Amino acid sequence: MIVASFNINGIKARLPALVDWLKEASPDVAVLQEIKSVDEGFPREPIEDLGYNLETHGQKGFNGVAILSKSPMEDVTRGLPGDDTDEQARYIEATVNGLRICGLYLPNGNPVPGPKYDYKLAWMQRLQNRATQLLATEQPFLMAGDYNIIPQAEDAARPEVWTDDALYRLESRNAYRRLTNLGLTDALRATTRADKTYTFWDYQAGARQKNNGIRIDHFLLCPQTADRLQSCEIDAHVRDREKPSDHVPIKVTLDF
DNA sequence: ATGCCACAGCAACTGTGA
């Protein structure tokens, strides 16, 4: 079973690139971030024509997440628990073949300090609470998406420029480490030693050509799921195609 | 020190992103 995550930066602008990649990678499940569309505006047919069931959780203009699955999805829930006043569409869950899939678009958090950063840290605490709940159920699960966290210095081409940024400052990395300390496995670091491996390159200043990237899209696996992890790959070549997203897909192969 | 680039909403530009 292949599960993928892809921040597409707008479904309307990215539909051809998404369809091309789905045909090529053919993931069994894919979580998408930044669909930037309301649910009614999402172009369902091109996705469904490829054999995918589709669940969206969108909002007007920005944010928005979705889950695609070739197998039926059960118990779909929208929104991250823990704050009924949170109206940003950043989280969705569904169960596929007994595996709980959590798709997330974690807040950027800049500028620091400020309300956006406070929201990011509070959101990460809620995510930790949700992971703790899921661990207690002993149901296999994974949390995949755009975490907007550079976990360590080796996850950025130029870590020194990110020192005070919401994606990398110590308080942010500590919050991510609290997630892994629960017993969740970062799938990429568990399966590869490759360095200069990134999932995002800015559109500006030739960042892709210089490989001036950052690794901010992650798969975190619970212990039962990590036991079934075979490989984790980043489809970096997608970044060099026509009209690319600034992120590229990351995917895991699981023995499910 | 700032913009660089891109997308959505909307019809000139702003908000947002990382």
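To find a chain, count down the sequence lines: A is the first, B the second, and so on, and within it residues start at 1. These figures come from a predicted structure and were not determined experimentally.
The distance between atom NE2 of A:H247 and atom P of B:dG17, rounded to the nearest whole Å, is 11 Å. The nearest whole Å value for the distance from the CG atom in A:D146 to the C1' atom in B:dA18 is 9 Å. One can place OH of A:Y203 at 8 Å from C1' of B:dC5, the figure rounded to the nearest angstrom. Remark: C1' of B:dA8 and CD1 of A:I11 are 14 Å apart, rounded to the nearest angstrom. Rounded to a whole Å, the NZ atom of A:K60 is 13 Å from the C1' atom of B:dG15. Whole-Å rounding puts the A:I149 CD1 to B:dG17 P distance at 14 Å. In this structure, the CZ atom of A:R208 is 18 Å from the P atom of B:dA18, given to the nearest Å. What separates CZ of A:R215 from P of B:dA18 is a distance of 17 Å, to the nearest Å.
Here A:Y91 and A:Y105 keep their ring centres 6.0 angstrom or further from each other.
For B:dC7, the OP1/OP2 oxygens have a side-chain nitrogen or oxygen of A:K243 closer than 4.0 Å. At least one side-chain nitrogen or oxygen of A:K116 sits closer than 4.0 Å to the OP1 or OP2 atom of B:dG17. Dashed line: the shortest gap from a side-chain N or O of A:N108 to OP1 or OP2 of B:dA18 is under 4.0 Å.
Comparing A:D246 and A:K12, the nucleotide of DNA chain B nearest to each residue sits closer to the 5' end for A:K12. Each of A:S37 and A:F62 was matched to the nucleotide of DNA chain B holding its nearest heavy atom; the match closer to the 5' end belongs to A:S37.
Remark: the separation of the P atoms in B:dT2 and B:dC13 is 22 Å, to the nearest Å. As rounded to the nearest Å, B:dA6 and B:dA18 have C1' atoms that lie 12 Å from one another. The gap from the C1' atom of B:dA11 to that of B:dA1 amounts to 32 Å, rounded to the nearest Å. When the C1' atom is used for both B:dG17 and B:dG3, the distance is 15 Å, rounded to whole Å.
Between A:Y147 and A:H218, the ring planes lie tilted relative to each other; the angle falls in the 30° to 60° range.
Across all strands shown, A:N148 has heavy atoms under 4.0 Å from sugar-phosphate atoms exclusively, and none from any base. At a threshold of 4.0 angstrom between heavy atoms, the contacts of A:Y105 are confined to the sugar-phosphate backbone, with no base atom among them. At the heavy-atom level, A:R90 lies under 4.0 Å from the strands shown only through sugar-phosphate atoms. Within 4.0 Å (heavy atoms only), A:D202 reaches at least one base atom of the nucleic acid.
For A:I214, the listed nucleotide lying nearest its side chain is B:dA18; candidates were B:dA18, B:dT16, B:dA8.
Ion pairing of A:D246 with A:R208 is absent here, as no side-chain N (NZ or NE/NH1/NH2) approaches a carboxylate O to less than 4.0 Å.
Put simply, the side chain of A:K196 never gets that close to the backbone of A:A157: no donor and acceptor are under 3.5 Å apart.
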Begin with the C-alpha distance, continue with both residues' side-chain angles, and end with the deciding distance and a verdict on side-chain hydrogen bond (donor to acceptor under 3.5 Å, both in side chains) for A:N212 and A:D202. CA-CA 8 Å; A:N212 179 17; A:D202 200 294; over 6 Å; no
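No cation-pi contact links A:R215 to A:F200, judged by a cut-off of 6.0 Å to the six-membered ring centre and 45° from its axis.
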